[in-house]
Structures are given as C-alpha cells and as structure tokens.
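Numbers here simply count residues along the sequence, with the first being 1. Order of appearance sets the numbers: ligands from 1, and atoms from 1 within every ligand.
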Amino acid sequence: MTQSNPLPFLPFSRPHIDEATITEVGNVLRSGWLTSGPKVQAFEAALSQYLGGRLVRTFNSGTCTMEIALRIAGIGPGDEVITTPISWVATANVIIEVGATPVFADIDPVTRNLDLDKLEAAITPRTRAIIPVYLSGLPMDMDRLYGLAKKYNLRVVEDAAQALGSRWQGKPIGSFGDFVSFSFQANKNLTTSEGGCLVVNSPEEARLAEKYRLQGVTRSGVDGIDVDVLGGKYNMTDIAATLGLGQLPGIDAVAAHRRSLAMHYFDCFGTSFEAQTGAQLPVADTENSNWHLFQIILPKKVVRAEFMKKMMEQHHIGTGYHYSPIHLFTLYRERGFREGMFPVAEHIGYQTVTLPMFNTLKIGDVERVVAAVKSCLY
Ligand SMILES: *Cc1c(COP(=O)(O)O)cnc(C)c1O
C-alpha cells in the first residue's frame with residue numbers, strides 16, 4: 001500500500017467475549033475438567049429454556065448437527081434432500097456425507113432464501129427432507145414451509161446456523177418445528193469459538209444424538225459400555241460451553257442492537273440509493289431477523305472483487321461474500337450441476353457483499369461504511 005490510512009481497520013465481523021466470561025473460562029481451565037461436563041449440561045439446559053423447553057444437544061460444530069439430524073431421520077443412499085444453492089457449503093455437504101443426493105431449488109431474489117414455489121416443484125417421490133437456510137438470520141414463511149413438509153411427508157432440518165435470536169410470529173426460531181440446527185462458530189451472534197447445537201423432538205432422538213456425537217457409546221452401571229451405532233467425535237467441551245453460557249442471556253439484546261444498526265444502515269443509504277446505483281439492499285425486516293449479516297447486492301456492472309479491494313485499500317473496511325453458489329463448486333459440477341440452473345442464486349452469489357455487522361459495531365461505524373460504499377458506487 002502506498003498511502004497510509006488514518007482510519008482504523010474495520011472488519012466485517014469481530015467476536016466479543018466479556019471479561020466475566022473470560023474469567024469463567026479461566027475457572028474451567030483450573031477446574032481439572034476440560035471436556036464435556038457440568039458446563040455442557042448447564043448450557044444445554046439454558047438453550048432448552050430459551051427455546052421453549054425443547055430438547056437441545058450441543059456439538060463441536062453447526063455442521064455435524066445437520067449430518068446427525070439426517071442420520072437420526074434415517075436419511076441415506078437413494079434419498080433426495082432439497083436445499084438452497086446460496087449457503088455455506090456445509091449445508092449441502094452434509095447431504096453427500098450421509099450418502100443421500102443433494103437437490104437444489106433456486107432462491108427468492110428479495111429474501112435470498114429458498115423460493116418455496118421452486119422448492120415444491122423440486123419434490124420427487126424420492127425426496128425425504130428439506131434443509132432451509134435463514135440467510136443473514138431472516139426466517140422464511142415458516143407456516144408455508146411446514147405446510148409443504150406436512151403435505152409431502154418430509155422431514156425438515158432447519159439450518160438456523162445464523163438465526164439464534166431470530167423470531168417468527170414472536171416465537172424464537174428453534175422453539176417450534178422439526179430439527180433445528182444452530183452454529184456457534186466465531187462469527188455468529190453467539191460464539192463458543194467453534195460449536196453448535198441441535199434441537200430434537202423426543203427423548204429417543206436426543207439419545208440417538210448423544211450416541212452419534214460420541215462413537216455410538218451407551219454407558220450403564222459402574223463399568224458397562226456398549227456401542228450399537230456408528231458414531232463420531234462431535235462433543236462440545238466445557239471450555240466452549242462456558243463461552244456460550246456467558247453470552248446466551250444477552251442474545252435478545254444482541255439481536256435488538258443489530259436491528260437498530262440495520263435500521264441505521266437503511267437510514268444512511270436513504271431511499272434513492274438503490275435507484276441511483278442499481279445496488280439492492282436487504283429486506284428491511286424489523287420483526288423476525290437477528291441481523292446476523294447485512295448484505296447488499298452490487299449492480300451487475302460492478303466487479304465484486306474490485307469493490308472489495310477498494311473498500312479495503314481506500315477505506316480500510318473489511319467486507320465478505322456469503323455465499324458463492326454451491327452448485328458451481330467442482331464437487332457439485334462433478335455431480336452434474338451447471339451454470340444457468342439457478343439463475344437467481346448465481347446472480348446473488350456473484351454480486352453479494354457482506355458489510356460490517358457485529359455485536360460491538362457502533363452507529364458511527366455504520367455511517368463510515370455507508371459513506372465508503374457510496375464513494376465506491378456513485
Ligand atoms: C456457520 C454456518 C454453518 C456451519 O456452521 P459451523 O459451526 O461452522 O460448522 C452452516 N450453515 C450456515 C448457513 C452457516 O452460516
């Protein structure tokens with residue numbers, strides 16, 4: 001870089017752990033119990049309470065949660081699972097991981113979530129499940145989603161990785177529905193550094209979830225042990241659970257703060273921004289989304305990489321892209337997917353940019369970001 005920039009670097013995401021939680025992590029490190037123990041149990045109980053009393057099990061990622069939900073549902077070779085091409089690749093990878101066939105349906109250009117008409121059109125006699133994604137924390141029409149699931153007798157594995165603190169008709173996402181998976185990866189509204197949880201429907205499903213997360217083991221008596229299913233190594237540590245316990249009580253306040261930041265983004269962009277630049281703002285939701293991400297769609301004529309470079313080099317602002325169309329990755333092209341199959345997803349996947357949005361972002365930062373975006377696009 002030839003020019004020094006007086007403004008501090010502003011990343012698009014930055015985790016924040018408060019001092020009380022850091023102290024509590026220190027206590028765990030001194031306690032002699034590092035892996036799954038009392039903190040994991042307490043975190044699962046707290047999550048369950050937040051999610052209306054539903055059964056919750058924790059894991060070491062928000063990816064294995066979805067894989068395990070598919071296994072609990074008995075989904076495997078010969079089964080089709082429908083999902084969106086615009087998500088983190090984990091969402092589709094877990095379908096392949098269990099031996100099932102991923103099927104994509106295009107997205108809605110406004111919400112950027114699965115288009116439920118296209119989803120319905122993609123259902124075949126082999127379809128067993130749907131994995132909807134609430135991109136940026138914005139839920140879809142949950143009544144219609146579950147109406148379709150009922151009509152076609154499909155399981156739903158909600159990829160709510162980004163949606164802890166989001167709501168539908170006043171109820172938290174995860175407090176109703178079928179399987180619901182959350183991620184606690186470092187960028188998420190609540191982070192355990194890495195981690196996730198799965199909401200299940202019955203004690204039997206919870207037992208299976210416990211087996212799949214730890215080698216299929218069931219213990220009994222003083223020294224009894226049996227293994228009757230093939231499980232993996234997916235348990236959460238007490239260190240991670242302590243991070244989660246420190247943040248869960250504040251999760252609604254976090255969502256409220258992010259909503260106010262999002263509204264400030266809209267105010268700063270103003271009503272003429274879209275018409276003047278050809279860019280597209282997200283849905284101005286004030287009810288349901290936890291505003292995990294604030295994403296704009298660049299006009300077609302703008303090369304995203306150049307925009308991102310300008311934001312970084314001229315304005316010292318980090319941006320991200322969430323996400324590239326999954327069906328165009330080599331692994332998916334090898335399964336027959338091609339350009340042109342999901343035109344809305346392809347346009348959005350190539351032109352979407354994620355602007356800074358995190359728990360400690362300030363109103364003044366939003367103003368700085370919008371001024372920078374405008375200077376790049378006008
Ligand atoms: C973060 C995320 C995941 C994966 O979560 P990990 O905890 O990183 O495994 C899956 N889907 C979406 C939409 C995500 O944002």
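- Against a heavy-atom cut-off of under 4.0 Å, S183 is close to the following atoms of ligand 1: 1 (C), 5 (O), 6 (P), 7 (O).
- At least one donor-acceptor pair under 3.5 Å links the side chain of R167 to the backbone N or O of E287.
- Heavy-atom neighbours of Q41 CD from other residues, nucleotides or ligands within 6.0 Å: at or below the threshold of 12.
- Ligand 1 places these atoms under 4.0 Å from at least one heavy atom of S87: 13 (C).
- The heavy-atom pair separating N189 from L164 by the smallest distance is ND2-O, 4.3 Å.
- Here the heavy atom of the protein found nearest to atom 11 (N) of ligand 1 is D159 OD2, 2.8 Å.
- Remark: minimum distance from atom 9 (O) of ligand 1 to any protein heavy atom is reached at T63 OG1, 2.5 Å.
- Neither the backbone nor the side chain of F59 comes within 4.0 Å of ligand 1, counting heavy atoms alone.
- Heavy atoms of other residues, nucleotides or ligands lying less than 6.0 angstrom from NZ of K171 number more than 12.
- At least one heavy atom of Y323 lies less than 4.0 angstrom from ligand 1.
- Between H327 and F342, the distance separating the two ring centers is shorter than 6.0 angstrom.
- Residue N27 places its CG atom among more than 12 non-hydrogen atoms of other residues, nucleotides or ligands, all under 6.0 Å distant.
- Each of the following atoms of ligand 1 lies closer than 4.0 Å to a heavy atom of Q185: 7 (O), 8 (O).
- Under 4.0 angstrom from ligand 1, there are no non-hydrogen atoms of H322.
- Short contacts between ligand 1 and T91, defined as distances under 4.0 Å to a heavy atom of the residue, involve ligand atoms 11 (N).
- In this structure, Y234 has its ring center at least 6.0 angstrom away from the ring center of Y212.
- With ligand atoms numbered from 1 in the order given, ligand 1 contributes 2 (C), 3 (C), 10 (C), 11 (N), 12 (C), 14 (C), 15 (O) to contacts under 4.0 Å with heavy atoms of A161.
- Residue pairs meeting the ring-ring contact (aromatic ring centres under 6.0 Å, His included) criterion with at least one partner in residues 20-63, sequence neighbours excluded, are F43-F184.
- Against a heavy-atom cut-off of under 4.0 Å, G195 is close to the following atoms of ligand 1: 7 (O).
- Contact annotation for V133 and ligand 1: only side-chain heavy atoms (C-beta onward) come within less than 4.0 Å of the ligand.
- The parts of S61 lying near ligand 1 are both backbone and side chain, judged by heavy-atom distances below 4.0 Å.
- Within a 6.0 Å radius of CZ in F176, more than 12 heavy atoms belonging to other residues, nucleotides or ligands are found.
- Close approach of ligand 1 to Q162 (heavy-atom distance below 4.0 Å) involves ligand atoms 13 (C), 15 (O).
- Between H322 and F12, the ring center distance clears the sub-6.0 Å criterion.
- Near K188, the atoms of ligand 1 lying under 4.0 angstrom from a non-hydrogen atom of the residue are 1 (C), 2 (C), 14 (C), 15 (O).
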